[in-house]
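Report on the structure given below.
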Amino acid sequence: MKRFPDLKTLLAKAAPPRSGDQLAGLAAASAEERVAAQMELAQVPLKRFLAEPLIPYETDEVTRLICDGHSNPAFQPVAHLTVGDFREFLLSEETTGPDLLALAAGLTPEMVAAVSKIMRVQDLITVAAKPRVVTRFRDTLGLPGRLSTRLQPNHPTDDLRGIAATIIDGLLYANGDAVLGVNPATDDVATVEALLRMLNHVRETLDLPTQTCVLAHVTTQMEALRRGAPVDLIFQSIAGTEAANRAFGINLTLLDEAAQAASEAHPGANVMYFETGQGSALSSNAHHGIDQQTCEARAYAVARRYSPLLVNTVVGFIGPEYLYDGKQIIRAGLEDHFCGKLLGLPMGCDICYTNHAEADQDDMDVLLTLLGAAGCNYIMGVPGADDIMLHYQSTSFHDALYLRSLLNLKPAPEFEAWMEHAGILENGVRLSASKALPPAFERLLL
Amino acid sequence: MNLLQLRQLTPARVAIGRAGHSLPTNELLNFQFAHARARDAVWTPLDPTCLANFNPLHLQSQAPNRATYLRRPDLGRRLAQADRTLLQPGTYAAAIVVADGLSAQAIHHHARPFLEALCAELKDWHLAPLTLVQQGRVAIADEIGQLVNAQLALILIGERPGLGSPDSLGAYLTWNPKVGRTDAERLCVSNIRTEGLAPALAAARVATMMREAKAHQVTGVALPSVNVPALP
């Protein structure tokens with residue numbers, strides 16, 4: 001007996017509680033209705049998601065990307081399953097990480113979003129921990145037993161020495177093996193070029209096995225590249241519908257051009273970096289009546305087209321009208337990581353919150369620990385967890401040390417070797433604050 | 001140079017030391033204190049008497065309380081139905097709106113010196129009666145400006161508190177205000193607070209922007225670069 005008229009209504013009603021879905025008027029009206037929807041969703045054959053696109057194929061290029069990119073051969077191991085059976089398949093001891101990596105091309109965002117809605121936190125962790133999505137540029141990210149960080153040295157006025165000082169601090173805490181990535185306060189080509197040259201100078205001087213990135217709009221980065229600036233990764237925020245991407249000032253053609261330009265500069269490397277986050281489609285009124293977690297999973301279809309080095313959800317940045325409190329942020333972070341991994345992405349997470357959300361450092365510690373257990377590729381490293389430019393709280397340099405120590409994880413192997421060589425470790429122990437900086441570091445600040 | 005000297009180069013929390021892999025106790029508690037102040041700023045109610053010497057008209061958005069306000073930004077952008085009738089149309093050069101936004105403390109601390117400096121700059125302007133809005137978002141000035149028939153709307157509003165800035169004020173200008181204006185059609189001055197852009201300096205900057213907007217009959221990305229005093 002079907003209670004819900006179509007797939008997108010069913011998905012929205014089955015979604016765990018989320019202020020953004022309530023704001024959009026899509027959420028279940030009662031706890032009972034939510035579980036009734038989850039029960040009906042568990043009965044839906046996975047094949048139905050291929051037959052019924054949530055947005056008409058003709059009107060949305062992300063839908064076309066999902067449909068046209070689907071691999072029927074890869075889908076075969078699960079083609080006969082319902083959503084409920086698919087959950088049990090994923091959890092089965094017989095389903096391994098390599099099995100899931102091979103399956104990724106046969107899965108659509110809607111399938112993984114659907115199954116996530118009937119999974120508990122431990123299910124999301126168990127399954128996401130199986131596949132290791134490994135990517136490479138100057139170092140190798142995502143290997144078993146490794147946890148990397150993006151060093152995020154933002155500054156309110158893009159002051160080059162201030163940013164360099166923060167990078168040095170972060171490196172001394174063994175952060176930065178995923179990328180040295182600055183959010184510029186000013187999105188213009190001259191600023192971005194100056195930042196890129198400084199980052200590259202730091203990287204070359206210290207012979208760092210990592211990548212640099214200035215997270216300006218993709219068009220600004222492409223212009224900097226045309227002017228000869230040292231661009232490593234090209235970054236862009238992306239979303240799960242064509243209309244939401246339009247609000248970001250992008251489309252697939254533009255991303256194709258950016259990926260091609262970056263690949264030509266760095267042949268053979270994974271060169272793209274994407275950020276996402278639940279709620280972005282609704283905030284630009286571009287969600288087509290689809291719940292925010294399903295929209296988010298659709299953004300991963302955009303990401304995987306470009307075999308990126310890094311993808312992370314910025315899970316608590318958007319504010320309490322989308323994710324109200326620590327409980328919603330924690331669940332959303334685990335869902336996003338799970339969905340991204342199942343779709344074959346090298347998922348990281350910006351574990352974060354704003355001061356108007358009902359969340360605090362304890363909530364971040366919980367999500368950090370759970371994502372470590374789930375095999376997250378990387379987290380953010382922000383000095384003291386306080387981003388003084390974007391005015392939100394993320395994870396700190398210290399948080400990475402905590403997680404690595406607790407779960408016996410190490411930085412990327414090339415970066416680990418560099419740390420020993422650079423004298424950051426003294427008999428295996430880090431420098432104390434009163435010690436002099438190593439000379440190569442000090443020269444960067446003069 | 002040692003690690004501690006990094007702190008002279010950036011306001012970021014660098015070189016804060018460690019206790020094992022965690023924070024030293026003083027750094028841990030400093031952070032918690034800053035977060036507590038930011039949280040209190042979000043939840044502190046607007047003191048209706050805070051601008052009594054300006055004799056403002058008191059208005060309420062459609063968000064009845066803070067918990068609803070945080071979940072429903074759409075309600076904070078619209079006036080409570082009953083309060084719409086309090087506004088009389090006139091022929092005004094500008095309407096000035098003050099709203100709590102995400103930090104009533106920003107209003108309590110900085111709105112008065114800002115308004116005193118601004119009014120001194122705008123002596124020849126025909127201004128609509130000042131309004132003070134509880135549970136308001138930026139776009140509520142569109143509706144107020146439209147109802148009083150003002151050419152320009154200025155809203156002073158408490159910004160989302162940062163860890164080191166619980167009481168930062170923002171000012172947004174919108175030419176020809178009416179319901180449905182987008183943020184791309186506004187001009188903004190942010191970080192107005194004692195440790196940031198001082199209120200009196202910000203008022204001079206906003207007054208210049210208001211004159212420019214009036215001269216070009218537009219605000220937002222369409223306005224040619226505004227020639228205003230640089231930020232400190």
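Labels below follow one simple rule: chain letters A, B, ... track the order of the sequence lines, proteins then strands, and each chain is numbered from 1.
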(Q) Taking the basic N atoms (NZ, or NE/NH1/NH2) and the acidic carboxylate oxygens, is any pair closer than 4.0 Å for A:D386 and B:R13? (A) yes
Q | Note: B:R7-B:E27 ion pair, threshold 4.0 Å (strictly below) | A | yes
Q. Rounded to the nearest 0.5 Å, what separation is found between the CG atom of A:L147 and the CG atom of A:L407?
A. 8.5 Å
Q.
Can you classify the ring geometry of B:H35 versus A:Y353 as parallel (below 30°), tilted (30 to 60°) or perpendicular (above 60°)?
A. perpendicular
Q: Let me know if B:L163 has heavy atoms under 4.5 Å from chain A in its side chain, its backbone, both or neither.
A: both
Q. Please walk me through it: do B:L51 and B:R112 pass side-chain contact (heavy atoms from CB on, under 4.5 Å)?
A. CA-CA 7 Å; B:L51 293 172; B:R112 185 173 161 177; 4.1 Å; yes
Q. Looking at A:H155, A:H356, A:E442, A:Q393, which has the largest count of heavy-atom pairs under 4.5 Å with chain B?
A. A:H356
Q) A:A400 versus chain B, heavy atoms under 4.5 Å apart: side chain, backbone, both or neither? A) neither
Q. So which of A:Q22, A:E358, A:M389 has the largest heavy-atom pair count under 4.5 angstrom toward chain B?
A. A:E358
Q. Most heavy-atom pairs under 4.5 angstrom with chain A, which of B:A38, B:A12, B:P166, B:S22?
A. B:A12
Q | Winner by heavy-atom pair count (cut-off under 4.5 Å) against chain B, out of A:D399, A:T354, A:D360, A:I163 | A | A:T354
Q.
Looking at A:K410 and A:D177, is any side-chain nitrogen of the basic one under 4.0 Å from a carboxylate oxygen of the acidic one?
A. no
Q) Side chain, backbone, both or neither: which part of B:Q32 has a heavy atom under 4.5 Å from chain A? A) side chain
**Q.** Side chain / backbone / both / neither for A:N355 at chain B, heavy atoms under 4.5 Å
**A.** both
Q | B:T10 OG1 to A:D169 CG distance, which is reported to the nearest 0.5 Å | A | 9.5 Å
**Q.** Which atoms of B:R72 approach chain A - backbone, side chain, both or neither, heavy atom under 4.5 Å
**A.** both
Q | A:A359, part contacting chain B, at a heavy-atom distance under 4.5 Å | A | backbone
(Q) What part of A:L445 gets within 4.5 angstrom of chain B, counting heavy atoms only: side chain, backbone, both, or neither? (A) side chain
Q.
I'd like to know if B:R77 pairs up with B:D74 as an ion pair, taking the criterion as any Lys NZ or Arg NE/NH1/NH2 lying under 4.0 Å from an Asp or Glu carboxylate oxygen.
A. no
